[in-house]
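Inspection log for the structure reproduced underneath, given as structure tokens.
Index from 1, following the sequence. This one's a predicted model, so the numbers in the text were calculated from it and none came from an experiment.
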Amino acid sequence: MATLSFNPTRIPHKPISKTASFSKTSEMPFPFSLKPSKHHVKPLHLQSNIITKLSVSTQEEEVETEKEDLEEDDPTAETVYLDQETDPDSILEWELDFCSRPILDVRGKKVWELVVCDDSLSLQFTKYFPNNVINSITLKDAIVSISVDLGVPLPERIRFFRSQMQTIITKACKEIGIKPIPSKRCISLLLWLEERYETVYTRHPGFQKGAKPLLALDNPFPMELPDNLFGEKWAFVQLPFSAVREEIASFETSFFFGASLDLDLLGIEIDDKTMIPGLAVASSRAEPLAAWMNGLEVCAIEADTSRACLILSVGIATRYVYATYKKTPVTTAEAEAWEAAKKACGGLHFLAIQNDLDSDDCVGFWLLLDLPPPPV
């Protein structure tokens, strides 16, 4: 069983020149038309990292360290952190959540929190807010203050995953020239929120055990796939984890379209020989298809055995019927096996778009991670 946690040790990859070939098991090929029927680093509380000295040999430095350790252990403390080895100008995109927490203030009202990071967690920021100041002006001012306090430029893009906050976040971003991107591909942020729930919120003096999230994530009924996203054939495929690492290492030079994940940062513990499940889609117009997919913020693929179809999740609240198949005991077992393999890999899977299913080359490659919603 795979486990997910932030890995503080970054392991560099070396690019490869040859794309690994896809392996199709005899149990999983689905040679049906893709077009559906028209009838149906573990982030700690890193305040201390900003000022802790490399040497603690003197008594003054030891006192300083102890003081910061106490701040680190304080669940009411705010986080303001920038990795000093990171070039501030290289951080072009932030991930942001602005939502209530299962915490009550002295008035008995839910506390809100702004959590911001980049995908490498080189930038981390948290700040609590009372519930009576939640608006786009407050958020805009907070975003500007992060830039000033940490000495980093405003980002070009900000990703967020809550549809209910889209209006406030979009307005705040546009007023200061930032492109808002609604997307559940906020993996670092989602995992950090899960970690904060266990290590921060549950220890906060105002924590309310059993409180349900105020803004739960949407899971709408899947819609019909737009015509421009249709493929011609598809198949369940698999790659050994070592090959997936190689694909990601050579991502920038191998693929015009797609998206990767920082596997080392996520700390995904999978044996190199473990087969990672994926979906290969073939089309005679593979490049235009990959280009259209590239603008969708592809998040995950799910095999829905009750409807005998595959569900494609994109953006923050959009789900499409990506493909259908004839429901039989054999096809149901194959779809269940694919989902079980994905679960065994901690939700890790991929989408590959090719000119032909027998080809070793991809036009587009998306590494995906199917995560449960955060506990807040």
Side-chain angles (χ1 to χ4, degrees), residues 6 42-51 67-82 94-118 121-152 154-155 158-162 164-173 175-176 178 180 186 188-217 373-376:
F6 285 106
K42 189 172 184 177
L44 302 176
H45 312 301
L46 295 170
Q47 299 93 325
S48 61
N49 291 0
I50 304 172
I51 61 176
K67 178 181 178 181
E68 290 303 320
D69 285 343
L70 289 175
E71 290 183 3
E72 177 180 310
D73 203 43
D74 182 3
T76 65
E78 297 175 351
T79 304
V80 182
Y81 170 76
L82 179 67
W94 295 358
E95 299 177 4
L96 180 152
D97 185 42
F98 194 31
C99 188
S100 67
R101 301 296 182 235
I103 297 170
L104 298 184
D105 60 17
V106 293
R107 303 170 302 145
K109 304 296 184 179
K110 273 197 172 184
V111 171
W112 282 60
E113 184 186 41
L114 174 64
V115 177
V116 176
C117 66
D118 70 324
L121 293 173
S122 298
L123 179 152
Q124 300 182 38
F125 179 91
T126 67
K127 183 179 178 66
Y128 292 119
F129 290 88
N131 72 336
N132 58 356
V133 298
I134 305 306
N135 53 54
S136 62
I137 297 174
T138 297
L139 180 57
K140 178 191 69 175
D141 292 344
I143 292 172
V144 172
S145 72
I146 295 173
S147 173
V148 173
D149 293 347
L150 290 176
V152 299
L154 289 173
I158 285 183
R159 292 176 182 268
F160 63 94
F161 63 88
R162 294 191 198 271
Q164 301 93 332
M165 296 300 295
Q166 185 161 357
T167 300
I168 288 178
I169 294 174
T170 298
K171 185 176 181 180
C173 287
E175 287 185 1
I176 47 180
I178 299 173
C186 302
S188 296
L189 176 61
L190 289 167
L191 290 176
W192 189 21
L193 286 173
E194 184 177 348
E195 187 269 349
R196 283 183 63 77
Y197 181 84
E198 297 296 335
T199 62
V200 179
Y201 307 143
T202 57
R203 296 175 47 251
H204 194 286
F207 176 68
Q208 300 295 299
K209 185 177 180 180
K212 295 182 179 181
L214 177 64
L215 304 179
L217 298 192
V376 292

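Contacts of D149 classified as side-chain hydrogen bond (donor to acceptor under 3.5 Å, both in side chains), with partners at least two apart in sequence or in another chain: none. Considering only residues two or more places apart in sequence or on other chains, E113 meets the salt bridge (Lys or Arg N to Asp or Glu O under 4.0 Å) condition with R101, R196. Applying the ring-ring contact (aromatic ring centres under 6.0 Å, His included) test to F125 and every residue at least two apart in sequence or in another chain returns nothing. For D105, the salt bridge (Lys or Arg N to Asp or Glu O under 4.0 Å) partners are R107, not counting sequence neighbours. Contacts of D141 classified as side chain to side chain contact (heavy atoms under 4.5 Å, CB included), with partners at least two apart in sequence or in another chain: I137. The salt bridge (Lys or Arg N to Asp or Glu O under 4.0 Å) test applied to K109 returns no partner, not counting sequence neighbours. Residues passing the side-chain hydrogen bond (donor to acceptor under 3.5 Å, both in side chains) test with T76 are D74, sequence neighbours excluded. In this structure, the side chain to side chain contact (heavy atoms under 4.5 Å, CB included) partners of L154, at least two apart in sequence or on a different chain, are I143, S147, I176, I178. Taking the side chain to side chain contact (heavy atoms under 4.5 Å, CB included) definition, one finds that Q166 meets it with F160, T170, P182, I316, sequence neighbours left out.
The structure places OH of Y197 at 14.0 Å from NE2 of H204, a figure rounded to the nearest 0.5 Å. Annotation: the span from N135 atom CG to F129 atom CZ amounts to 10.0 Å, rounded to 0.5 Å. The distance from atom CZ of F161 to atom CG of L193, rounded to the nearest 0.5 Å, is 5.0 Å. If you take SG on C186 and CG on L96, they are separated by 9.0 Å, rounding to the nearest 0.5 Å. Of the inter-residue distances, the one linking L114 atom CG with C99 atom SG reads 11.5 Å to the nearest 0.5 angstrom. Atom-to-atom distance recorded for K110:NZ and L104:CG is 8.0 Å, nearest 0.5 angstrom.
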Please assess W112 against V133 for the test side chain to side chain contact (heavy atoms under 4.5 Å, CB included), listing each intermediate value before the final yes or no.
CA-CA 9 Å; W112 282 60; V133 298; over 6 Å; no

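Residue pairs meeting the salt bridge (charged side-chain N to carboxylate O under 4.0 Å, His left out) criterion with at least one partner in residues 129-139, sequence neighbours excluded, do not occur; the list is empty.
Side-chain atoms of T126 come within 3.5 Å of backbone atoms of T79 as a donor-acceptor pair (strictly under, hydrogens ignored). Judged by distance alone, the side chain of T199 and the main-chain N or O of E195 form a donor-acceptor pair under 3.5 Å.
Figure legend: cation-pi geometry between K209 and F207 absent, as NZ or CZ is not positioned both under 6.0 Å from the six-membered ring centre and within 45° of its axis.
Closest of all the heavy-atom pairs between L121 and W192 is CD2-CE3, 4.4 Å. Here the closest heavy-atom approach between residue R162 and residue P374 is recorded as NH2-CG, 4.5 Å. Scanning all heavy atoms of the two residues, the minimum distance from S136 to A172 falls at O-CB, 3.5 Å.
Side-chain contact between V200 and P75 is present, with at least one heavy-atom pair separated by less than 4.5 Å.
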